[in-house]
Amino acid sequence: MIEQLETLSKELDAEIGMLTTEKALEEFRLKHLVKKGTLQQFVEQLREVPKADKPQVGKLLNSVRAKAEQAWTQAKELLEQQAQSSPSIDVTLPARKMRRGTVHPINATLERALGVFKTLGFAVAEGPDIEDDAHCFSMLNFADDHPARDMQDTFFVASEHSSDIVLRTHTSSVQVRLMTNQKPPIRAVMPGRVYRNEAVSARSLAEFHQVEGLYIDKNVTFAQLKGTLVEFARAMYGKDLKYRFRPSYFPFTEPSAEMDITCYLCKGAGCRVCKFTGWLEILGCGMVHPNVLRNCGIDPEEYSGYAFGFGIERVTLLTTGIDDIRLLYENDVRVLRQF
Ligand code: PHE
């Protein structure tokens, strides 16, 4: 029996070296370590061994069994460790696509618009979002009881020191800053965020972007204003665009006008988008009112100027075909990815 045990011990040594897979481990266990396995068979045979030899044989059997059990446990632990530290990699899997960010459609439109005015010789200027009544309204020739000052349109900022701090309702406030800080000639576009207390819908938001334009010099004419705006509209909306200027009213310009272009959807035939007029309004403009020039310290006898303002979101909707202005602010990547 001693001989048999020694043979088994040698066999075990060879098999232990091969315990590198789940399958080998299981085969080893079934062959040697279970109730009907080789080691248990020896335990049963031990009964027939003469009493005098029992201690020697028993000792050998124990050591062989201990070796088999230890080797099996160690190999199993090693295998488990390996599985944890190096998860199996399937090199044939296709690579996951790296998604690149894109410029937001509002910024892309803004950059395009500013680019057009830069080529026409306009500088770019900016002013603060939080303004006082003077820059936003009174210096722009708004009467004290003008409805735009009403709580319903304007967000007021709570302040200990002053009751007339507002979030600007238009970028025209930046015109005032330029005219009071610079000497003519002045030629600049002024992009920025504006705020109005309006119900959010598919067509309007309480916070949006405008670009203001201002040109002050000697002998500036309405014809120059039209030329500049037509150039701008053609660059943004296409060369064969149809447009019209319609008389309008703003307190800070005289005369005032609004510019319309043919409705992109019905091409002028009339539809829901253009309220069956065939036209879409794209901007407000006019010759700077003499009162505004005077308020800003510029002599209206010597200088004249024009101003215009338009909403960037509006242009973005018209040029991309997005039909709900709220989509521009939800930052849903499925929308943004398309631009
Ligand atoms: N500030 C006007 C608006 O918000 C637009 C405008 C700007 C009109 C400059 C005329 C001149 O509607």
Side-chain angles (χ1 to χ4, degrees), residues 110 113-114 117 120 122 124-129 131 133-143 146-150 152-155 166-180 186-198 203-217 220-222 224-230 232-233 243-261 280-293 295-296 298 300 303-315 318 325:
L110 179 62
L114 293 182
F117 287 110
L120 293 173
F122 283 76
V124 178
E126 282 183 82
D129 290 26
E131 271 293 6
D133 179 276
H135 288 87
C136 206
F137 301 121
S138 62
M139 287 174 84
L140 285 166
N141 201 37
F142 278 78
H146 193 282
R149 294 172 173 219
D150 201 298
Q152 264 135 50
D153 290 309
T154 307
F155 288 115
V166 301
L167 294 181
R168 65 179 173 197
T169 55
H170 54 181
T171 42
S172 301
S173 55
V174 192
Q175 283 188 39
V176 175
R177 292 194 171 265
L178 289 195
M179 285 188 277
T180 47
I186 302 167
R187 181 153 51 184
V189 279
M190 297 145 261
R193 238 170 232 258
V194 300
Y195 309 84
R196 288 181 195 175
N197 193 3
E198 284 193 50
R203 320 196 95 231
S204 65
L205 296 167
E207 189 183 327
F208 57 101
H209 297 78
Q210 284 188 333
V211 173
E212 192 80 11
L214 178 71
Y215 178 38
I216 308 278
D217 206 344
V220 176
T221 66
F222 199 92
Q224 290 170 342
L225 170 61
K226 281 178 82 173
T228 303
L229 292 178
V230 169
F232 163 70
Y243 62 86
R244 71 176 184 187
F245 285 86
R246 214 169 7 86
S248 184
Y249 174 78
F250 301 101
F252 39 93
T253 47
E254 182 58 37
S256 303
E258 281 173 306
M259 185 180 185
D260 296 341
I261 60 172
L280 291 171
E281 184 230 309
I282 57 162
L283 56 82
C285 63
M287 301 307 290
V288 179
H289 197 293
N291 286 350
V292 175
L293 292 174
N295 290 342
C296 297
I298 294 172
Y303 290 102
S304 58
Y306 64 67
F308 56 86
F310 58 89
I312 281 291
E313 281 79 358
R314 190 89 208 256
V315 184
L318 292 178
I325 196 167

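One-based numbering, in listed order, for ligands and for the atoms of each. In what follows, every heavy atom counts, from backbone to side chain, and hydrogens, waters and symmetry copies are set aside. From a predicted model like this one, the values you see are computed outputs, not experimental measurements.
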* Using the salt bridge (Lys or Arg N to Asp or Glu O under 4.0 Å) rule, collect all pairs that involve residues 245-257, keeping only residues at least two apart or in two chains. => Arg246-Glu258, Arg246-Asp260
* Asked: Aromatic ring centroids of Phe122 and Phe232 under 6.0 Å?
  -> no
* Kindly state whether the ring of Phe252 and the ring of His170 have centres lying under 6.0 angstrom apart. => yes
* Name the orientation class of the two ring planes belonging to Tyr243 and Phe245 (parallel below 30°, tilted from 30 to 60°, perpendicular beyond 60°). => perpendicular
* Could you pull out every protein residue that has a heavy atom closer than 4.0 Å to ligand 1, ordered by chain and then number? => His170, Ser172, Gln175, Arg196, Gln210, Glu212, Phe250, Phe252, Thr253, Gly284, Cys285, Ala307, Phe308, Gly309
* To do: Could you check Arg177 against Glu131 for salt bridge (charged side-chain N to carboxylate O under 4.0 Å, His left out), going step by step and ending with a plain yes or no?
  => CA-CA 11 Å; Arg177 292 194 171 265; Glu131 271 293 6; 2.7 Å; yes
* Asked: Between Thr228 and Tyr306, do the side chains contain an N or O donor and an N or O acceptor separated by less than 3.5 Å?
  -> yes
